[in-house]
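A short write-up of the structure that comes next.
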Protein chains: 2
Amino acid sequence: MLSKKTKYGLKALTYIAKKDCGKQPVLIAQIAKDENISKKFLEIILLQLKNSGFLGSKKGKGGGYYLLKKPEDITVAALMRILEGPIAMLPCVSLNFYEKCDDCISEEECSLSRVMIEVRDSTLKVLENTTLADLC
Amino acid sequence: MLSKKTKYGLKALTYIAKKDCGKQPVLIAQIAKDENISKKFLEIILLQLKNSGFLGSKKGKGGGYYLLKKPEDITVAALMRILEGPIAMLPCVSLNFYEKCDDCISEEECSLSRVMIEVRDSTLKVLENTTLADLC
DNA sequence: AAAAAGTCTACTAATTCGATAGACTATTAG
DNA sequence: CTAATAGTCTATCGAATTAGTAGACTTTTT
């Protein structure tokens, strides 16, 4: 299951993408209200997305957040990796967050890796091919 | 990511399935040792799998755990639902653990549900078609 | 100077995760 | 009958994570 953080982040970005036509920055408070998200929690999430290069921000009156890339160029997979971490079900089959399993003797002998690679690939096929533009 | 509980459970069942030819029950201690799993933690896991109808057990000398079904009839999806819970990424698109999202106004308007249904279906396609027999 | 709006630091409560200890019960071998 | 074996039950436990809150601070605009 996705954490609320990831869910909120995806929803917030979709919200910004929808409003972003006029290039007028979008307020945290407005997103929080319209999407039923705790404002304080959303602040943390949007800041993280800014620090990851997806969002820009402007302070003061007329400020807010705006996309730094075109919605078509932002995949759900990339966002999930920032907000949620690994997409794979096991660390030893993760492409971006690989880690050795501490209980497995050898990677080849692991009975689970084959299935989990299949799951990973079929999940990525969807997430890499879905962009913010598709969510709008 | 899968919890260690799920990972250990799947590994333990695979282990039992491999040894199950002679119908001689398999010891918790033996699985724990060979698969590098905490014995006490494994006890809890196997008990849960027994209470879910996948395993039978025998106490006393010569006891242990054994499969109640044929490996070909036990899907990884079914096991994951017992050990891990929902397979879907959002409660509102889960087939077996459906719950309404508290933040969403309406299910139809949710921008995320379409993608998450796709992910769910492609994941299930793999997990429903992989059985314990395939892991051996 | 005042108001607006993002940023930063610091908590907190609740839950989950992984693991452990020890007593109890059922079964079998001798 | 009894000793050993092996699963079962109860009770914790520490660490990490999750979701959220409070409030001070900084930058920008009017």
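In the text below, chain A, chain B and the rest are named by the order of the sequence lines, each starting its count at 1. Here the structure is a predicted model, which is why all the values come from computation and not from measurement.
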Item checked: Short side-chain N/O contact to C:dG18 OP1/OP2 from B:Tyr8, under 4.0 Å -> no

Next item on the list: Summarise how protein sits on nucleotides 22-30 of chain D as a single string, 5' to 3': B when a protein heavy atom is under 4.0 Å from the base, S for sugar-phosphate-only contact, - for no contact.
Entry: BB--BBBS-

Notebook entry, point to check: Which listed nucleotide (C:dG6, D:dG7, D:dT21) is nearest to the side chain of A:Leu27?
Noted result: C:dG6

Note to self: What's the separation between atom SG in A:Cys136 and atom NZ in A:Lys18, rounded to the nearest 0.5 Å?
What the structure shows: 6.5 Å

Check: Nearest to the side chain of B:Ser3 - C:dG18, C:dT20, D:dT8?
Finding: C:dG18

Check: Atom CZ of A:Phe41 to atom C1' of C:dT7: distance rounded to whole Å?
Finding: 17 Å

Margin query: Expressed as a whole number of angstroms, how long is the span from A:Lys39:NZ to C:dA5:C1'?
Written below: 8 Å

Margin query: Membership question, hydrophobic clusters at under 4.5 Å side-chain separation (ILVMFWY): are A:Ile82 and A:Leu2 in the same one?
Written below: yes

Notebook entry, point to check: A:Thr130 and side-chain contact (heavy atoms from CB on, under 4.5 Å): which partner among A:Leu132, A:Val126, A:Leu127?
Noted result: A:Val126

Next item on the list: Nearest whole angstrom, please: distance from the C1' of D:dT8 to the OH of B:Tyr65.
Entry: 8 Å

Margin query: Tell me the interatomic distance from B:Gln48, atom CD, to D:dC9, atom P, rounded to whole angstroms.
Written below: 13 Å

Next item on the list: Using a heavy-atom cut-off of under 4.0 Å over every strand shown, decide if B:Leu46 touches base, sugar-phosphate, or nothing.
Entry: nothing

Next item on the list: Evaluate the side-chain proximity of A:Tyr8 to A:Glu35: yes if any heavy-atom separation is below 4.5 Å, no if none is.
Entry: no

Check: Please give, in whole Å, the distance from C:dT20 C1' to B:Leu42 CG?
Finding: 14 Å

Check: What is the distance from OH of B:Tyr66 to P of D:dA6, rounded to the nearest Å?
Finding: 16 Å

Notebook entry, point to check: Can you tell me if the side-chain N/O atoms of B:Lys5 get under 4.0 Å from OP1 or OP2 in C:dA19?
Noted result: no

Check: Can you check the A:Met1 CE to D:dT18 P distance for me, whole Å?
Finding: 14 Å

Note to self: If you compare every side-chain N and O of A:Ser38 against the phosphate oxygens of D:dT21 (OP1, OP2), does one of them come in below 4.0 Å?
What the structure shows: yes

Check: Do B:Thr131 side-chain atoms and B:Ala133 backbone N/O form a donor-acceptor pair below 3.5 Å?
Finding: yes

Next item on the list: For A:Gln24 and A:Tyr66, test the side chains for any donor-to-acceptor distance below 3.5 angstrom and give the result as yes or no.
Entry: no

Notebook entry, point to check: According to a strict under-4.0 Å criterion, is A:Ser57 in side-chain N/O contact with OP1 or OP2 of C:dA5?
Noted result: no

Check: Is there a donor in the side chain of A:Ser3 and an acceptor in the side chain of A:Glu84, or the other way round, less than 3.5 Å apart?
Finding: yes

Next item on the list: Could you tell me the separation between the CD1 atom of B:Ile28 and the P atom of C:dT20, rounded to a whole number of Å?
Entry: 15 Å

